[in-house]
Amino acid sequence: MPFITLEGVEGSGKSTQMELLKEYFEARGIEAVALREPGGTAAAERIRAILLNEEGYGLSHMAELFLYEACRAEVVEKVIRPALNKDRTVICDRYTDSTIAYQGYGRGLEIKAVDAMNRLATGGLVPDLTLLIDLDPAVGLKRAFSRISKKTGAKEDRFEKEEFAFHERVRNGYLKIAGAEPLRVMVIDGTKEILSIHSDICDIIEKNGL
């Protein structure tokens, strides 16, 4: 069964598309596991709280990278590989490309070093298909802040509060990744309506025989 990841800037609609894609597979009688990064296990969710809300303010860039990789190693070993071994489709909201885009291009850490950390944490597990929902960061941030403002409790807004130039670097990083790996990374127009984006994703899934 395939391992599919969704990527994009803040507010690009990955989580919504993940749920729709899970429903799409299940309607075809295919068992699918959907999860988010960082997160996916009890320990990884605790690290997520540090990374995405106020607990993470002041983290060094390298510490941030190591925390992401710790989460990834945990979820690959305990959730993703076991699901794939049971012939389940796995859909993940963010994976290694996020780390290249955010900590590599966004933070300015050495890309080769980040890539090496990714490979170490995942044991070399690469997605069969990555869906990059491309969107102007200004539009995505507006959506993200609107969503965050409706939530109660801890706000996962540490990255949203980064300077706009950071988000532009992240988007450009994603597009560089897609340009380097056009067979794996499919770029989707994130300005479309939700169901239209879902339709584009389903077309890609079918054309790739997944």
Side-chain angles (χ1 to χ4, degrees), residues 1-40 48 52 75 80 83-84 88-102 105-106 126-151 156-157 159-160 162 164 166-210:
M1 289 292 109
F3 175 29
I4 300 169
T5 57
L6 290 103
E7 297 285 358
V9 298
E10 306 302 324
S12 57
K14 299 177 286 61
S15 299
T16 298
Q17 293 302 326
M18 180 179 69
E19 293 303 324
L20 290 173
L21 186 55
K22 184 175 187 290
E23 292 173 6
Y24 164 82
F25 279 115
E26 291 178 342
R28 295 166 59 191
I30 299 171
E31 188 173 0
V33 175
L35 64 150
R36 65 182 182 178
E37 270 210 354
R48 179 188 177 91
L52 300 188
V75 77
I80 297 177
L84 293 173
R88 295 172 180 164
T89 292
V90 175
I91 311 164
C92 193
D93 176 354
R94 297 200 183 282
Y95 191 59
T96 52
D97 293 312
S98 277
T99 314
I100 296 291
Y102 279 76
Y105 289 103
V126 177
D128 297 292
L129 175 67
T130 296
L131 302 161
L132 171 56
I133 304 175
D134 183 48
L135 187 69
D136 182 336
V139 176
L141 287 169
K142 184 176 180 180
R143 293 179 183 176
F145 279 119
S146 176
R147 180 191 69 241
I148 290 168
S149 68
K150 297 174 183 178
K151 290 186 176 181
E156 293 187 345
D157 60 358
F159 282 94
E160 284 82 356
E162 288 287 344
F164 186 68
F166 169 82
H167 297 283
E168 289 184 311
R169 292 194 298 272
V170 169
R171 184 196 188 187
N172 290 334
Y174 270 130
L175 294 175
K176 288 179 181 178
I177 294 169
E181 298 187 65
L183 296 180
R184 175 178 68 86
V185 184
M186 303 288 145
V187 181
I188 298 165
D189 182 358
T191 65
K192 294 183 178 181
E193 296 295 324
I194 290 173
L195 292 181
S196 181
I197 294 173
H198 175 60
S199 178
D200 288 345
I201 288 174
C202 291
D203 286 345
I204 291 170
I205 296 293
E206 292 167 11
K207 286 177 181 177
N208 281 271
L210 302 176

So, taking the atom named [atom1] in [X] and the one named [atom2] in [Y], what distance separates them when rounded to the nearest 0.5 Å?
{"X": "Ile201", "Y": "Met18", "atom1": "CD1", "atom2": "CE", "value": "11.5 Å"}
{"X": "Leu141", "Y": "Ile148", "atom1": "CG", "atom2": "CD1", "value": "9.0 Å"}
{"X": "Arg28", "Y": "Ile30", "atom1": "CZ", "atom2": "CD1", "value": "4.0 Å"}
{"X": "Leu6", "Y": "Ile4", "atom1": "CG", "atom2": "CD1", "value": "8.0 Å"}

Results of side-chain contact (heavy atoms from CB on, under 4.5 Å) for [X] - residues two or more places apart only:
{"X": "Arg48", "result": "Arg36, Pro38, Glu45, Leu52, Glu156"}
{"X": "Ile194", "result": "Thr16, Gln17, Leu20"}
{"X": "Thr191", "result": "Leu135, Asp189"}

Any residue meeting side-chain hydrogen bond (donor to acceptor under 3.5 Å, both in side chains) with Lys192, in chain and number order, not counting sequence neighbours: Asp200
For Glu162, give me all partners under side-chain hydrogen bond (donor to acceptor under 3.5 Å, both in side chains), at least two apart in sequence or on another chain. Arg107
Residues in ring-ring contact (aromatic ring centres under 6.0 Å, His included) contact with [X], at least two apart in sequence or another chain:
{"X": "Tyr174", "value": "none"}
{"X": "Phe25", "value": "none"}
{"X": "Tyr105", "value": "none"}

[X] and [Y]: which non-hydrogen atoms are nearest, and at how many Å?
{"X": "Phe3", "Y": "Cys92", "answer": "CE1-CB, 4.0 Å"}
{"X": "Ile91", "Y": "Ala32", "answer": "CD1-CB, 4.3 Å"}
{"X": "Ala178", "Y": "Val185", "answer": "CB-CG1, 3.7 Å"}
{"X": "Met186", "Y": "Pro182", "answer": "CE-O, 3.2 Å"}
{"X": "Pro2", "Y": "Asp128", "answer": "CA-OD2, 3.3 Å"}
{"X": "Tyr102", "Y": "Gly8", "answer": "OH-O, 3.8 Å"}

Report all side-chain donor-acceptor pairs from residues 203-210 shorter than 3.5 Å, counting only partners two or more places apart or in another chain.
| residue | atom | partner | partner atom | Å |
| --- | --- | --- | --- | --- |
| Glu206 | OE2 | Tyr24 | OH | 3.0 |
| Asn208 | ND2 | Ile204 | O | 2.8 |

Glu31: which residues meet the salt bridge (charged side-chain N to carboxylate O under 4.0 Å, His left out) condition with it, sequence neighbours left out? Arg88
Kindly state each residue pair satisfying salt bridge (charged side-chain N to carboxylate O under 4.0 Å, His left out) with at least one member in residues 11-26, sequence neighbours excluded. Lys14-Asp93, Lys22-Glu26
For Tyr95, is there any backbone N or O sitting under 3.5 Å from a side-chain donor or acceptor partner on Glu7? yes
Are the side chain of Ser196 and the backbone N or O of Glu193 linked by a donor-acceptor pair below 3.5 Å? no
From the options Arg143, Arg147, Arg94, select the one residue that forms a salt bridge (Lys or Arg N to Asp or Glu O under 4.0 Å) with Glu10. Arg94
For residues 130-142, the side-chain hydrogen bond (donor to acceptor under 3.5 Å, both in side chains) pairs (sequence neighbours left out) are Thr5-Thr130, Thr130-Arg184, Asp134-Arg171
Any heavy-atom pair between the side chains of Val170 and Phe159 that's under 4.5 Å? no
